[in-house]
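Everything numeric here is computed off the predicted structure, so don't read it as measured data. In listed order, ligands and their atoms are each counted from 1.
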Amino acid sequence: MNAQQTRQIFLDFFEKKSHHIVSSAPMVIKDDPTLMFTNAGMNQFKDIFLGNSPVKFPRIANTQKCLRVSGKHNDLEEVGHDTYHHTMFEMLGNWSFGDYFKKDAINWAWELLTEVYKIDKDRLYVTIFGGDEGDNLQPDMEAHDLWKAHVPENRILRGNKKDNFWEMGDSGPCGPCSEIHVDIRDKKERAEVDGATLVNTGDPKVIEIWNLVFMEFNRLANGNLQPLPAKHVDTGMGFERLCMVLQQKQSNYDTDIFQPLIGKIADISGIRYGAADKTDIAMRVIADHVRAIAFAIADGQLPSNNKAGYVIRRILRRAVRYGFTFLKMDEPFIYKLIPVLSEQMGAYFIELKSQQTLVEKVIHEEEASFLRTLSHGITKFNNYIDSNPGNTLVDGAFAFELYDTYGFPIDLTGLMAREHGKEVDMAGFSKGLELQKERSRKDASIEVEDWIVLDDKAAETFVGYDTLSVATKITRYRKVRTKGRDAYQIALASTPFYAESGGQVGDRGTLKSGDQIIPVLDTKKENNLIIHLTEAIPADPAESLVATVSEAARTDTANNHSATHLLHHALRNVIGTHVEQKGSYVHPDYLRFDFSHFQKVTEEEIHEIEKQVNRMIRQNLVLDEMRDMPFDKAKEAGALALFGEKYGDSVRVIRFGNSVELCGGTHVHATGQIGLFKITSESAIAAGVRRIEAITAGKAEAFYDHQLSLISEIKELVKNPVDPVKGLRNLLEENQKLRAQLEQISMEKVNELYHQLMAGSRDINGCRLITGKVNLDAGSAKDLAFRLMDASDNHLIILGTLHDDKPGITVAISGPLVNTGKYNAAAIVKELAKEISGGGGGQPHYATAGGKNPGGIESALGKAASLVAGLAS
Ligand code: ATP
Ligand code: MG
């Protein structure tokens with residue numbers, strides 16, 4: 001059974017059991033400060049478990065793209081070294097939200113594995129939660145008894161809290177779980193050692209494939225457990241592991257999910273998979289990582305220097321490093337795996353197929369840039385080795401500098417050190433690393449207290465599309481401490497405040513409680529909860545209050561948001577429908593729009609885009625807002641949806657004329673309100689991704705005002721109010737003429753000085769000394785000195801120069817004189833520069849100095865003769 005079929009059979013099975021099939025949520029999470037990446041199928045339902053979102057479908061099933069490289073679930077170090085942990089993997093899951101519980105979950109899992117997939121029952125073990133004293137929890141006998149119907153007692157194992165109590169993070173929904181493990185050893189091995197003794201021991205041949213979680217609690221920040229409003233089922237089965245079992249392989253990498261990728265890597269590197277342990281690991285690491293990177297980019301997360309982007313960059317670099325070190329790949333090659341991956345997975349995950357070129361370009365660029373970094377690191381390392389020949393240890397601080405500043409991996413430094421018969425001082429390196437971790441921990445530390453809930457029944461709804469001010473109540477609040485400062489997060493029963501999302505910044509405004517006015521500094525989303533950030537809390541938090549959004553900022557923001565839609569529309573009109581939105585930022589002062597496009601947007605195109613947007617503004621297109629449209633219908637109507645954005649079954653559609661987008665943002669009532677649109681910059685932010693910045697309304701007006709006042713100023717300066725361009729041109733022509741005249745004059749002056757100085761030359765022991773004070777700029781002084789120098793074999797010229805009140809000394813010496821070894825221009829200039837309180841240098845035949853004391857020129861020239869006489873003797 002191939003992977004595609006395996007996935008489909010799972011979905012069909014649960015669909016028949018009345019589950020609603022949903023698509024995978026994006027792998028990159030945008031509105032949950034506690035989680036960067038989806039690490040389990042249940043993440044997208046967190047709000048339902050917490051009781052913050054209504055249940056639309058009590059039964060759901062899907063396959064979810066997961067990434068486990070940070071936070072509580074981090075498998076990165078295992079990946080490639082073992083056979084069954086990946087960074088990115090698919091988790092097959094079925095859910096019950098307050099509907100069925102342990103009985104159906106257990107019976108269906110058993111039915112699917114043994115009757116549909118036909119896995120041999122003798123290969124399966126199950127575990128149940130054995131209780132925990134700390135949390136005062138009893139063993140899960142209910143699950144035990146349900147399993148008894150299918151599995152003999154000796155195959156039902158009791159697990160501790162670590163293995164059998166599932167928690168999403170440090171806080172949040174959790175509960176006891178029951179896992180299914182599969183023994184993939186051959187008959188002989190199974191006869192020798194009882195599989196039950198290998199469960200949960202890290203044995204690569206007796207592994208967990210499915211975890212059934214019975215979600216009953218919410219873990220609070222203080223560590224206590226609180227029962228959830230309703231009981232739920234949350235299951236997760238590793239798709240790649242399931243495929244391994246069904247395809248009778250001993251490693252996930254031997255399935256049809258990974259083999260095409262590994263085959264391609266073998267082709268490119270010329271190394272056979274299976275040739276050696278080290279190269280095998282490298283191939284597995286790369287085959288694994290390319291999936292994580294490709295899906296992240298397709299979900300809109302470009303590699304970058306912070307947060308999620310940095311995690312992706314580090315995964316990619318890890319892959320490059322394994323390729324570089326073990327497969328000797330010193331040119332970009334990982335991007336060449338994308339067509340293979342897209343062929344393998346693009347049919348189900350269309351975001352990959354439709355953005356294949358972009359994904360390839362971004363990866364290619366990242367690879368090339370990291371390879372350059374590696375080569376800088378190598379040069380730096382070689383310099384270190386050359387200049388510290390005696391050391392047997394490579395300094396730990398140096399290794400850390402390489403790692404930190406040049407992104408140079410420590411294991412590679414170790415490898416290179418050994419090639420020179422040295423070791424890295426790992427204690428020193430670890431110290432640097434520890435200090436850095438400490439610093440970033442301090443920077444990032446946010447202490448969050450538990451919610452104080454005043455009203456757990458209120459809906460906490462957003463009313464800000466229709467009004468900017470409402471009388472409402474606080475439903476819950478909590479104190480947070482960031483970088484030593486106290487602040488509050490407040491949720492309201494209803495709120496006009498728009499929480500930062502979809503690129504639009506959060507609203508600011510006030511909460512008025514009695515006489516107390518509390519500024520709202522920002523509004524953010526945590527999953528579906530709207531959180532108002534303040535520095536104070538009302539004296540009586542239970543009192544009703546008036547929440548009011550700052551109207552001016554909201555209006556400016558709406559102008560920019562609607563303009564972003566018009567811009568998107570015009571872009572697709574002018575440069576093509578390949579344009580995919582890759583990010584946006586909508587601020588009251590300006591807007592930013594990132595999109596995929598493979599070359600610079602030309603001046604003419606920019607102009608045309610501006611023209612089209614301004615035309616749509618003048619057409620005063622009225623906002624057509626549909627708040628609850630079924631997703632499929634919206635797509636049919638041509639609404640632009642973004643990859644990597646999480647959409648519900650019903651969506652909000654924003655239409656201005658032919659611009660139709662799925663969007664939750666706040667908009668103008670009609671485009672005329674935007675007034676004016678002006679693009680202020682166009683640039684590249686990554687391979688294949690361009691950025692346009694623009695302004696609207698008052699800011700655009702101010703922009704033109706400023707341009708106009710510049711022009712008036714110019715008109716005045718060139719004294720030609722009617723045709724300032726002509727005025728300027730005249731000025732430039734005149735300037736050119738004057739410059740030519742000036743050059744002529746200074747040439748004549750240099751000529752004249754040449755003759756004067758030659759006439760005043762004197763002989764000192766066979767050397768003709770020429771000195772004088774000249775008012776020349778550096779260039780003319782050099783010309784003069786060189787002409788004098790070239791005029792004879794024995795000239796030594798010392799000029800004191802004065803230009804713009806700055807004193808200088810120029811020394812030039814004819815070649816044959818220099819060759820006598822007696823005279824050196826640099827040494828002479830150094831000595832004389834003291835007189836003008838300055839310094840300088842140069843070559844033996846020509847040197848210059850600058851100084852601060854113009855009065856010293858005469859004395860410098862005075863000293864010249866005796867100095868030269870001294871040298872000459
Ligand atoms: P393990 O102990 O093997 O790391 P887990 O306890 O971390 O697994 P869960 O969090 O229960 O796993 O996830 C549910 C299922 O997802 C697991 O039963 C397993 O099949 C799969 N899974 C978990 N982590 C990975 C991974 N890194 N790569 C591939 N599959 C995974
Ligand atoms: Mg794990």
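Residue H86 touches ligand 1 through backbone and side chain together, judged by heavy-atom distances below 4.0 Å. Under 4.0 Å from ligand 1, the heavy atoms of I209 that appear belong solely to its backbone. For E208, heavy-atom contacts with ligand 1 shorter than 4.0 Å involve the backbone as well as the side chain.
For ligand 1, the atoms closer than 4.0 angstrom to any heavy atom of W166 are 9 (P), 10 (O), 11 (O). For ligand 1, the atoms sitting less than 4.0 Å from at least one non-hydrogen atom of Y84 are 28 (N), 29 (C), numbered in the order shown with element in parentheses. If you number the atoms of ligand 1 from 1 as listed, the ones under 4.0 Å from a heavy atom of N211 come out as 11 (O). Residue-ligand proximity, M91 to ligand 1, at heavy-atom distances under 4.0 Å covers atoms 13 (O), 14 (C), 16 (O).
Look at I207 and you'll find every heavy atom at least 4.0 Å from all atoms of ligand 1.
For F631 and Y647, the ring centers sit closer than 6.0 Å to each other. Two rings, from H19 and Y100, have their centers less than 6.0 Å apart.
Aromatic ring pairs are classed by plane angle as parallel below 30°, tilted from 30° to 60° and perpendicular above 60°; the pair W166 and H73 is parallel. In this pair, W108 and F14 present their aromatic rings perpendicular. The plane angle is above 60°, beyond the 30 to 60° band. Taking the six-membered ring where tryptophan is involved, the planes of H232 and F49 are perpendicular, since the angle between them exceeds 60° and thus also 30°.
For atom 4 (O) of ligand 1, the nearest non-hydrogen atom from the set Q64, M42, H85, R241 comes from H85.
In terms of N/O distances under 3.5 Å, ligand 1 is approached by D75.
Residue T325 is tested with L415, L374, V320 for a side-chain contact (heavy atoms from CB on, under 4.5 Å); the sole match is L415.
Proximity of F10 to Q8: side-chain heavy atoms (C-beta onward) are nowhere separated by under 4.5 Å.
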